[in-house]
Amino acid sequence: ELKVEQNPLFLSMQEGKNYTIYCNYSTTSDRLYWYRQDPGKSLESLFVLLSNGAVKQEGRLMASLDTKARLSTLHITAAVHDLSATYFCAVRRYGGSQGNLIFGKGTKLSVKP
Amino acid sequence: DAMVIQNPRYQVTQFGKPVTLSCSQTLNHNVMYWYQQKSSQAPKLLFHYYDKDFNNEADTPDNFQSRRPNTSFCFLDIRSPGLGDAAMYLCATSREDFYIQYFGAGTRLSVL
């Protein structure tokens, strides 16, 4: 069974600081996703990571994937208040018929002045 | 301009009364997805279409059905809504299977 664990689940940061959100998964996958969700709003796709060593960056967010360790990180650089949101990672299970796309529980990020 | 449009934004239905949620897209994407998200929980993929090919998640209840009459439209039918089906329903599209996804604003379903 594919399990996806995110940590931390809650993160309170000060503006200007750096931090990393971790996403571990339990079985082989061929792609990993990061999403952002503002309160009461829909999801927004941030990154799709397709291969080992993949790194993608958009603004203050950088995502990386280590398929051997089954670990993805979302690094936040010099946080600003606008980054406050819930961030989900999701993993696509490679092959099989059960649970094709499994989400982590989400990390609720709050950036304070 | 909105690229993935969900209607209605809010839907109230009665226990056991069938309800249909609508999603349309102007992106001409091959893939359309339906997710369910309950309050303070992660989204859960219900099913997706690659073109006309329907792919159901193993644990999606039979109460949930979907139709995709053409590339632009996809519908989520809940045959007999229960109180536990109250949630936000999100539609998304992607150009290819499980590539970058574009989401609609969602339909919030209440069941009375």
Side-chain angles (χ1 to χ4, degrees), chain A residues 1-7 9-10 21 23-25 27-51 54 56-58 61 63 65 85-109, chain B residues 2-10 21 23-25 27 29 31-50 53-61 66 76 87-110:
Chain A
E1 181 187 356
L2 175 57
K3 294 184 180 179
V4 180
E5 293 186 356
Q6 274 183 251
N7 68 83
L9 297 182
F10 298 93
I21 300 170
C23 177
N24 289 91
Y25 55 98
T27 64
T28 303
S29 172
D30 65 347
R31 59 193 68 187
L32 186 140
Y33 304 81
W34 285 98
Y35 302 89
R36 170 184 171 143
Q37 188 172 40
D38 292 305
K41 305 289 186 182
S42 186
L43 285 172
E44 175 189 356
S45 292
L46 294 175
F47 304 108
V48 180
L49 302 169
L50 302 178
S51 60
K56 292 197 174 180
Q57 184 164 4
E58 182 74 33
L61 301 177
L65 178 62
T86 297
Y87 293 85
F88 292 98
C89 68
V91 176
R92 183 191 181 198
R93 185 172 180 269
Y94 184 75
S97 60
Q98 180 182 359
N100 284 326
L101 187 64
I102 305 298
F103 281 75
K105 292 186 176 181
T107 296
K108 188 172 183 179
L109 172 65
Chain B
M3 297 179 289
V4 182
I5 303 166
Q6 290 188 245
N7 284 307
R9 292 292 310 279
Y10 302 91
L21 309 183
C23 179
S24 64
Q25 55 136 338
L27 297 165
H29 282 173
V31 193
M32 296 186 77
Y33 311 78
W34 279 104
Y35 293 85
Q36 178 194 63
Q37 187 176 24
K38 297 185 179 180
S39 182
S40 300
Q41 295 186 18
K44 180 182 179 304
L45 180 64
L46 296 174
F47 25 60
H48 75 281
Y49 275 94
Y50 187 100
D53 292 333
F54 178 71
N55 297 272
N56 199 28
E57 291 296 291
D59 55 354
T60 298
S66 186
L76 170 62
M88 174 81 91
Y89 290 88
L90 300 170
C91 173
T93 73
S94 64
R95 182 170 52 85
E96 291 298 327
D97 211 13
F98 286 100
Y99 199 57
I100 197 82
Q101 296 169 353
Y102 296 82
F103 286 83
T107 294
R108 189 170 295 280
L109 177 69
S110 299

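Naming: A, B, ... by sequence-line order, numbering from 1 per chain.
- The number of heavy-atom neighbours closer than 6.0 Å to CD of Glu96(B), taken from other residues, nucleotides and ligands shown, is above 12.
- Comparing Pro43(B), Ser40(B), Ala42(B) by heavy-atom pairs within less than 4.5 Å of chain A, the highest count is held by Pro43(B).
- Between Phe88(A) and Gln37(B) there is a side-chain heavy-atom pair separated by less than 4.5 Å.
- The number of heavy atoms from other shown groups lying within 6.0 Å of CZ (Phe54(B)) is above 12.
- The minimum heavy-atom distance linking Leu50(A) with Tyr99(B) is given by the pair CD1-CE1, 4.1 Å.
- For Tyr35(B), the part lying under 4.5 angstrom from a heavy atom of chain A is the side chain only.
- Ser45(A) places a side-chain N or O within donor-acceptor distance of the main-chain N or O of Gln101(B), the cut-off being under 3.5 Å.
- Note that CD1 of Ile102(A) and NZ of Lys44(B) are 8.0 Å apart. Values are rounded to the nearest 0.5 Å.
- The 12-atom threshold is exceeded at NZ of Lys56(A), counting heavy atoms of other residues, nucleotides or ligands nearer than 6.0 Å.
- Counting only heavy atoms from C-beta outward, the side chains of Phe103(A) and Gln41(B) never approach each other to under 4.5 Å.
- The contact between Leu90(B) and chain A is made entirely by side chain atoms (from C-beta outward), counting heavy-atom distances below 4.5 Å.
- A 6.0 Å sphere centred on CD of Gln57(A) holds more than 12 heavy atoms belonging to other residues, nucleotides or ligands.
- No donor-acceptor pair closer than 3.5 Å links the side chain of Ser42(A) to the backbone N or O of Gly106(B).
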